[in-house]
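Working notes, structure below.
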Amino acid sequence: MNSAGVKKDAGTNGTAVTMAKGEEKRYLLALDQGTTSSRAVLFDTQGRIVSMAQKDFKQYYPQPGWVEHDPSELWGTQLGVAQEVLEKTGVSPSEVAALGITNQRETTLVWERETGKPVYPAIVWQCRRTAQLCEAVKRAGHEAYIRTATGLVVDAYFSATKIRWILDEVPGAREKAQRGELCFGTVDTWLIYNLTRGRVHATDVSNASRTLLFNLDTLAWDSHLLEIFDIPESMMPEIRPSAGLFGWTDPSVFGGIQLQISGVAGDQQAALFGQRCFEPGEAKNTYGTGCFILMNTGNQRVVSESGLLTTVAWGLKEGKATYALEGSIFIGGAAVQWLRDELQLIRTAPESEEIARRVEDTGGVYVVPAFTGLGAPYWDMYARGAIVGLTRGSGRDQIVRATLEAIAYQTRDVVEAMSGDAGMPLCALKADGGATGNEFLMQFQADLLGVSLDRPEVMESTALGAALLAGLGAGVYGSLEEIKALNANAKHFEPHMEAARRDALYAGWRRAVKQVRSETGAQ
Ligand SMILES: Nc1ncnc2c1ncn2[C@@H]1O[C@H](COP(=O)(O)OP(=O)(O)O)[C@@H](O)[C@H]1O
Ligand SMILES: O=P(O)(O)OC[C@H](O)CO
């Protein structure tokens with residue numbers, strides 16, 4: 001590790017910056033710009049959390065199905081927490097070796113290149129306003145090309161139709177874009193632009209791979225896709241590896257000190273990196289409101305037969321990428337919120353664990369939380385939730401337990417699809433996210449998959465991933481092996497369930513899912 005401060009780094013304009021002798025660069029600062037809050041986490045170079053700060057910001061729902069964020073609030077809250085975490089720990093920015101950025105993905109911003117003024121609010125990944133535009137793109141026969149080139153599906157989730165919407169609907173936007181006066185960016189790009197006071201317009205390969213405009217083979221913007229979505233190439237940021245120098249923060253940002261931004265990745269990919277899933281077949285599941293499962297597939301871009309997404313996990317060198325398969329589950333921890341808020345069977349989320357443990361099993365009860373349809377591998381948007389297998393003896397304990405188990409069953413559905421697509425079995429699962437506090441769920445998950453599950457001590461995998469990428473990009477770490485060797489204490493859950501019981505339980509889940517499928521989805 002190179003933490004002593006006598007090395008020379010490339011400065012703002014490629015000039016050499018020499019650190020003062022004896023000045024220790026002992027910290028890495030991660031900015032984690034999420035869907036509901038901005039966080040800053042300060043790590044030491046061993047990957048341990050020193051301190052963190054978090055601030056929520058407002059969600060805007062201007063019409064049913066529309067979701068927006070205020071770009072100045074994203075930047076303002078993110079800057080605020082970054083400054084706060086340094087102030088409250090008394091760490092000087094000069095002790096920070098590098099800054100990493102991770103972010104909610106796909107969310108789309110368009111601003112004026114010269115002034116930095118957004119032409120419209122940020123259109124959030126959850127926003128459905130461009131669903132019809134997606135239908136039109138499919139009707140025009142572009143679906144097969146898009147799926148092959150991008151590894152994604154034609155859906156309002158991704159950035160391309162959101163950019164197109166802004167160009168079509170904001171008066172004057174298309175003309176300005178054609179004159180090269182507008183910049184598009186996902187949230188990482190917006191933060192980099194502001195941190196460097198407009199000097200850098202760039203993104204990393206993992207974020208680029210979520211736009212529907214990026215070609216997974218050439219690792220560049222795809223001119224045919226830009227044509228399909230009618231987006232001028234001049235708006236697009238430069239694409240860089242996830243680790244390496246993006247630029248230096250403006251002196252005005254951190255009290256006269258310039259920090260190098262040297263790690264950038266979308267939040268799910270950063271979590272995969274933070275969990276050190278560096279080998280093909282290694283996977284992580286983030287158990288939050290929904291669940292996001294990513295499996296490293298190495299330098300092989302796997303085309304899914306089961307509707308999973310192919311995405312760039314990260315790129316560590318120009319022209320190179322590590323790929324991943326991604327499957328998302330719409331309702332994960334949200335099912336526990338439903339138990340608490342709608343059914344009022346529990347008072348707090350952690351209470352679900354104690355209640356689930358009161359019974360040996362659910363007595364054949366399955367909860368299928370298809371509240372908003374079923375995602376991968378079913379893709380049945382008309383399926384709806386159900387509680388099946390009720391008997392006279394079924395009560396609160398069984399329903400609570402079955403709800404937690406449903407999170408594990410859905411994970412197994414995705415993992416099976418992934419292993420089939422990738423032709424490689426899952427070797428172990430790394431877990432993070434709020435619901436991993438539930439040890440009943442963690443053990444049941446290991447049992448149901450028949451593989452071990454690790455829950456790291458440092459729960460902030462996303463921020464850690466950004467910090468480690470930044471450390472790698474800044475030369476604090478020399479290799480992935482060095483990162484792997486850092487202390488990564490985890491609680492380990494070994495599978496204990498017999499295979500016959502595991503299979504019988506899972507078969508029951510598959511039958512329950514069948515019962516909730518819509519006629520359209522079941523065909
Ligand atoms: N002990 C617990 N048992 C089960 N679910 C939990 C527990 N603690 C939190 N959760 C669930 O985890 C989710 C919050 O996790 P978090 O990672 O903060 O989500 P997000 O980042 O999606 O907002 C909530 O849906 C909550 O119901
Ligand atoms: O901000 P999060 O953690 O909800 O993550 C959002 C995802 O990146 C959306 O694809």
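Indexing begins at 1, ligand by ligand and atom by atom, following the structure's order. A quick note: this is a predicted structure, and the numbers were derived from the prediction, not measured.
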With respect to N103, determine whether any N or O atom, backbone or side chain, lies less than 3.5 Å from an N or O atom of ligand 2.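 Not met; the criterion fails.
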
Between R105 and ligand 2, does any nitrogen or oxygen pair lie at a separation below 3.5 Å?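 Between R105 and ligand 2 (N or O atoms, distance only) the closest approach is under 3.5 Å.
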
Would you mind running through ligand 2 and noting each atom that sits below 4.0 Å from a heavy atom of [X]?
X	value
G34	1 (O)
Q268	5 (O)
Y157	9 (C), 10 (O)
E106	9 (C), 10 (O)

Does a salt bridge link K58 with D70, judged by any charged N lying under 4.0 Å from a carboxylate O?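 Looking at D70 together with K58, the answer is no, because their closest N to O distance does not fall below 4.0 Å.
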
Using the side chain to side chain donor-acceptor pair (under 3.5 Å) rule, pick out the option among R210, K284, E326 that qualifies with Q268.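 That would be K284; it is the only one of R210, K284, E326 passing the side chain to side chain donor-acceptor pair (under 3.5 Å) with Q268.
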
Out of all atoms in ligand 1, which are within 4.0 Å of some heavy atom of G433? Include the element for each.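 Those of ligand 1 that fall under 4.0 Å from G433 are 17 (O).
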
Which of the numbered atoms in ligand 1 are under 4.0 angstrom from any heavy atom belonging to A334?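 Checking each atom against A334, I get 25 (O).
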
Output the distance between atom CG (N285) and atom CE (M442), rounded to the nearest 0.5 Å.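 So the CG of N285 and the CE of M442 are separated by 7.5 Å.
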
Please work out whether any backbone atom (N, CA, C, O) or any side-chain heavy atom from C-beta onward of S352 is under 4.0 Å from ligand 1, and answer side chain, backbone, both or neither.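 Side chain only.
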
Starting from [atom], locate the nearest protein heavy atom and write down its residue, its atom name and how far away it is, to 0.1 Å.
atom	answer
atom 1 (O) of ligand 2	T35 OG1, 2.6 Å
atom 7 (C) of ligand 1	A349 CB, 3.6 Å
atom 23 (O) of ligand 1	T289 OG1, 3.4 Å
atom 24 (C) of ligand 1	Q337 NE2, 3.7 Å
atom 14 (C) of ligand 1	G434 CA, 4.2 Å
atom 1 (N) of ligand 1	P350 CA, 3.4 Å
atom 13 (C) of ligand 1	G288 C, 3.9 Å
atom 10 (N) of ligand 1	A435 CA, 3.8 Å

Considering T102, T36, D267, which one's heavy-atom position lies nearest to atom 6 (C) of ligand 2?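 Nearest option to atom 6 (C) of ligand 2, by heavy atoms: D267.
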
Ring centres under 6.0 Å, that's the criterion: do [X] and [Y] meet it?
X	Y	answer
W111	F184	no
Y409	F444	yes
F371	F330	no
Y60	W66	no

I'd like to know if the side chain of S159 reaches the main chain of E106, judged simply by a donor and an acceptor atom lying under 3.5 Å from each other, with no hydrogens or angles considered.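 Yes, S159 side chain to E106 backbone: donor-acceptor pair under 3.5 Å.
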
Checking the side chain of T77 only, and the main-chain atoms of S38 only, is there a donor and an acceptor separated by less than 3.5 Å?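 Between the backbone of S38 and the side chain of T77 there is no qualifying donor-acceptor contact (under 3.5 Å).
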
Find out whether the Lys NZ or Arg CZ of R455 is both under 6.0 angstrom from the six-membered ring centre of F493 and within 45° of the ring's axis.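 The answer is no; the distance or angle limit is not met.
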
Purely on distance, is any nitrogen or oxygen of [X] under 3.5 Å from one on ligand 1?
X	answer
N438	yes
G333	yes
G290	no

Work out whether the distance between some heavy atom of E353 and some atom of ligand 1 is less than 4.0 Å.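 Contact check E353 vs ligand 1: negative.
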
Have N296 and Y323 got a donor and an acceptor in their side chains that come within less than 3.5 Å?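 No donor-acceptor contact under 3.5 Å links the two side chains.
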
Between D421 and S306, does any side-chain donor sit less than 3.5 Å from a side-chain acceptor?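 A donor-acceptor contact under 3.5 Å links the two side chains.
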
Return each pair, listed once, that meets salt bridge (charged side-chain N to carboxylate O under 4.0 Å, His left out) where at least one residue sits in residues 332-350; pairs must be two or more places apart or across chains.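 Matches after skipping sequence neighbours: R347-E351.
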
What do you think, any protein heavy atom under 4.0 angstrom from atom 16 (P) of ligand 1?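 Within 4.0 Å: yes, protein heavy atom nearby.
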
Which is it for N103 and W190 under the side chain to side chain donor-acceptor pair (under 3.5 Å) test, yes or no, and what are the steps along the way? CA-CA 10 Å; N103 53 286; W190 174 241; over 6 Å; no

